[in-house]
Amino acid sequence: MAKKSSGKIESVLHDLNEAQRVAVETALGPALVLAGAGSGKTRVLTRRISYLLRKHKVPPEHVLAVTFTNKAAREMRNRMQSLLGTDFNKMWMGTFHSIFARILRIESAHLGYARNFAIYDSDDQLAAVKQIMADLSISTKEFPTQLVRSMISRHKSAMTEPEQLATTDRFEEVVRQVYSRYGEYLKSNNAMDFDDLITLPVKLFRANPEVLNRYQRRFRHILVDEFQDTNLAQDELVRLMGSEHRNVFVVGDDDQSIYRWRGAEVRNILNFEKSFPECNVFRLEQNYRSTRVILDAAHSVIKNNRSRKEKKLWTAREMGEPIVLIEAFDELDEARKILNRIRYEISSNKRNFQDFVVLYRTNAQSRAIEDALRRSGISYVIVGGIKFYERKEIKDFLAYLRIMANPRDELSLRRIINVPQRGVGAATLTKLQEYAAEHSIPLHEALLRVDEIPGILSATKERIRDLGETFEKYLSLKDTLGLDEFARVLNDEIGFLRLFKEEGTIEALNRYDNIQEMLSAISEFCETRSDPTLEAFLEEVALITDIDQWNEQANAVTLMTLHSAKGLEFPVVMISGLEEGLFPLMRSRENPEDFEEERRLFYVGLTRAEQRVYLSWARNRRRFTEGFTNRISTFVEEIDPQYMELLVPKTEPIRQPAYHGREYEPMPDYENESQESPLFVGCQVKHDMFGVGVVQAIEGAGNDLKLSVDFDEVGPKKLLYRYAQLEIL
């Protein structure tokens with residue numbers, strides 16, 4: 001029997017390097033694993049859990065594993081499923097928000113909430129703050145709603161209550177007033193926002209020691225991924241839940257802490273040893289992702305930060321190609337040169353579109369790059385655009401579902417009381433709200449008593465009463481029908497699909513397709529969950545992030561901000577806009593902590609690359625309708641010159657050096673090379689007879705240039721270029 005157990009343990013450890021193995025095998029008690037980019041931290045976490053179960057015989061229900069993104073949670077869940085089989089189902093594993101939303105649903109009564117509370121996303125929060133400011137007669141022009149909401153979120157993350165705020169000026173007083181009302185508003189709507197999912201558990205545990213003790217006994221082993229991204233409340237939750245047994249295993253990299261703007265505190269990982277003085281510290285420094293050039297270049301930048309724990313990544317991989325620095329005249333020239341490098345890599349190194357990511361500091365930078373890619377027929381996807389669940393028709397349908405889950409959700413009711421149109425204007429809605437407040441009833445009940453409210457047209461009263469009766473009908477059906485069927489019959493009753501189909505415009509038909517996709521998403525949810533409730537579906541939708549909707553299998557160039565790229569990897573990384581004032585941002589110069597975070601963000605961008613890095617900057621860039629003459633980013637100048645190669649097209653004169661005083665050595669710019677055709681692998685073309693297709697391969701030269709094209713209608717064809725008369729789309 002002992003041999004069998006030993007074999008199981010060895011299967012957990014056999015493919016780990018020495019540093020990973022030591023971390024996995026560490027004794028019980030607190031542990032800090034400083035895991036550099038691409039060093040296998042997810043592997044260490046999953047193997048540590050397996051080691052606990054097999055070596056220490058820890059029951060799986062005593063393990064809590066927490067990470068930051070749904071993508072990371074899915075990856076960890078898939079690995080654990082293959083390692084543990086059925087034991088995995090007894091574990092709690094997920095993001096901070098999903099784990100503690102689950103706890104809050106169980107313990108909501110202690111906080112004065114019903115278990116079916118709604119989770120408000122950023123749009124809902126803005127709508128709530130806007131309503132409160134209107135009620136308080138506060139000008140949204142003088143005090144922008146977004147700014148007030150952001151300040152409230154920042155105070156929540158720091159565990160600061162409204163009454164604790166300093167009010168030395170009018171803005172601070174406005175924030176305090178709105179913040180105070182905002183908490184009351186959420187409570188009356190039986191709703192929580194994202195910050196509440198973290199801060200309310202802290203309040204719950206502090207005020208109810210018996211509840212805390214119950215979860216301390218339940219979760220005797222806590223493992224946390226990406227610990228450098230925790231805010232004060234998340235750090236407090238880890239300390240509260242781990243203070244009894246002290247089996248807290250955290251993994252992170254202070255060099256990748258890039259979310260200070262939303263409350264993350266790099267000090268949490270830097271000071272972990274103060275919270276748990278007896279902890280063991282391990283460093284994972286072997287990188288399995290990038291070439292030596294990329295790692296050494298990244299280290300030459302990040303070593304300039306003072307607030308960090310010393311570590312230096314290394315790899316057994318090849319030295320690799322130098323980092324290429326592209327100088328452009330302006331943002332349009334920069335986009336053109338990025339496009340040319342993509343073409344060059346596809347032609348010379350047989351890459352696919354999905355091998356590329358273009359990163360930028362701000363979303364506004366994507367426009368010029370998008371235009372260049374679109375004109376060239378190159379497929380691309382943007383992470384961080386309008387997300388599926390944020391489209392108007394989807395949010396409208398979800399609002400109906402949210403009322404069914406939580407009838408007290410007045411925000412959702414106000415959103416759809418006139419969707420589809422029922423003749424309910426602002427004045428009518430105000431009368432309904434005033435009646436509900438006067439009679440101390442929820443707004444949805446006022447719909448049924450609309451006949452008692454004077455000043456509303458009879459026809460409008462009838463439509464409002466019909467809506468109230470519809471709510472009552474489906475509230476009674478919610479627990480008798482399966483979620484899939486419930487959503488479909490509710491949609492039939494509302495008539496979304498019918499209305500969009502009757503409208504018949506292209507926009508309406510797109511909305512029709514989106515509602516169909518929404519219903520398909522609900523069906524898929526029902527098929528893949530053991531207990532597919534309406535509340536569970538709405539919670540999953542509320543916690544979806546940009547990156548969860550990115551299709552990494554699509555053969556398209558990916559465009560995203562550097563913040564969105566955290567945790568991802570690509571063969572070729574292109575970082576654009578590397579100018580002082582843009583990256584690093586101008587305002588970061590005012591605060592050393594902000595500036596060091598900007599440097600960490602650049603480090604994260606570099607270490608996403610597996611094989612090649614291109615950096616680009618523009619001497620001139622238009623911002624806010626004005627042109628600016630730029631200086632190259634400090635972060636580029638910090639890269640050791642031995643790892644850099646400078647790209648200047650052969651057709652351009654050598655200008656004054658702008659990087660380390662070095663002379664430019666022109667290297668080929670793809671569009672200026674002698675070309676027999678403007679085509680490249682992956683571009684879309686049109687043939688008079690065969691229709692639209694995509695170029696799959698290019699062979700030969702001159703009059704013998706041959707193309708392999710996969711046409712949508714007729715399939716693959718081989719063509720001689722000089723006779724094909726192809727149109728590039």
Side-chain angles (χ1 to χ4, degrees), residues 323-349 351-382 556-562 570 572-579 582-583 605 612-623 625 627-633 636 644-655 658-659 664-685 695 698 727-729:
I323 292 173
V324 174
L325 176 62
I326 301 172
E327 179 194 336
F329 174 73
D330 58 15
E331 67 269 25
L332 300 179
D333 188 37
E334 179 187 47
R336 179 181 63 81
K337 289 176 176 175
I338 287 173
L339 170 64
N340 292 337
R341 285 290 101 190
I342 292 173
R343 287 174 166 172
Y344 171 79
E345 288 285 343
I346 289 172
S347 175
S348 301
N349 298 315
R351 306 219 187 256
N352 296 311
F353 292 154
Q354 67 195 82
D355 293 337
F356 298 88
V357 65
V358 182
L359 303 176
Y360 33 79
R361 181 62 182 84
T362 64
N363 278 304
Q365 292 170 247
S366 71
R367 183 195 59 80
I369 300 168
E370 283 185 73
D371 288 347
L373 294 174
R374 186 167 52 247
R375 285 194 298 267
S376 300
I378 292 182
S379 301
Y380 68 92
V381 293
I382 299 180
V557 175
T558 299
L559 276 58
M560 64 173 72
T561 65
L562 283 126
F570 296 85
V572 181
V573 167
M574 311 176 111
I575 306 178
S576 63
L578 281 161
E579 299 124 34
L582 182 57
F583 193 21
R612 295 245 35 192
V613 173
Y614 288 93
L615 307 177
S616 65
W617 74 290
R619 286 183 173 269
N620 306 279
R621 185 178 300 271
R622 183 170 293 279
R623 290 184 239 162
T625 75
F628 287 84
T629 301
N630 302 308
R631 186 171 72 81
I632 196 167
S633 170
V636 177
M644 298 285 289
E645 191 168 39
L646 309 180
L647 171 60
V648 176
K650 288 179 178 178
T651 56
E652 294 188 14
I654 306 301
R655 291 184 289 260
Y659 174 72
Y664 284 101
E665 295 180 8
M667 60 179 291
D669 187 347
Y670 186 67
E671 76 166 3
N672 293 314
E673 290 292 280
S674 175
Q675 298 176 54
E676 296 295 338
S677 86
L679 298 170
F680 56 94
V681 174
C683 78
Q684 198 173 48
V685 296
V695 176
I698 301 175
E727 176 187 353
I728 300 176
L729 300 180

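For this chain, numbers begin at 1 and follow the sequence in order.
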E327 side chain near W617 side chain, heavy-atom distance below 4.5 Å: yes
Partner residues of S633 under the side-chain hydrogen bond (donor to acceptor under 3.5 Å, both in side chains) criterion, sequence neighbours left out: none
Any Q354 side-chain heavy atom under 4.5 Å of T558 side chain: no
Derivation and outcome, side-chain contact (heavy atoms from CB on, under 4.5 Å), residues E370 and I382: CA-CA 9 Å; E370 283 185 73; I382 299 180; 3.0 Å; yes
Spacing of CD1 belonging to I632 relative to CD belonging to E579, to within rounding of 0.5 Å: 8.5 Å
Lys/Arg N to Asp/Glu carboxylate O, R621 vs E334, below 4.0 Å: yes
Closest non-hydrogen atom pair, F356 against I346: CE1-CG1, 3.9 Å
Check: I575 and S616 side chains under 4.5 Å, non-hydrogen atoms: no
Interatomic distance, S348 atom OG to R341 atom CZ [nearest 0.5 angstrom]: 8.0 Å
CD1-CG distance between I326 and L578, expressed to the nearest 0.5 angstrom: 10.5 Å
Partner residues of N352 under the side-chain hydrogen bond (donor to acceptor under 3.5 Å, both in side chains) criterion, sequence neighbours left out: none
Validation row: L582, Y360 side chains within 4.5 angstrom (heavy atoms): no
Any side-chain heavy-atom pair of R612 and I323 under 4.5 Å: no
Results of salt bridge (Lys or Arg N to Asp or Glu O under 4.0 Å) for R631 - residues two or more places apart only: E580, E637
Step-by-step side-chain contact (heavy atoms from CB on, under 4.5 Å) determination, M644 to V636: CA-CA 10 Å; M644 298 285 289; V636 177; 4.2 Å; yes
Contacts of S379 that satisfy side chain to side chain contact (heavy atoms under 4.5 Å, CB included) - sequence neighbours left out: F353, A556
Any side-chain heavy-atom pair of V572 and V357 under 4.5 Å: no
Sequence-distant partners of L373, side chain to side chain contact (heavy atoms under 4.5 Å, CB included), two or more places apart: L339, I342, I369, I378, Y380, V557, L559
Test side-chain hydrogen bond (donor to acceptor under 3.5 Å, both in side chains) applied to Q365 - qualifying residues, sequence neighbours left out: T362
Pairwise distance OG(S576) to CD(E331) - rounded to 0.5 angstrom: 11.0 Å
Heavy-atom closest contact (A368 atom, A335 atom, distance): O-CB, 3.4 Å
Residues R351 and E345 bridged, charged N to O under 4.0 Å: yes
Heavy-atom check, side chain of Y614 versus side chain of V358, under 4.5 Å: no
Distance (rounded to the nearest 0.5 Å) between L359 CG and L615 CG: 10.5 Å
Pairwise side-chain contact, V381 with M560, heavy-atom cut-off 4.5 Å (strictly under): no
E645 side, atom CD; L325 side, atom CG - distance, nearest 0.5 Å: 10.5 Å
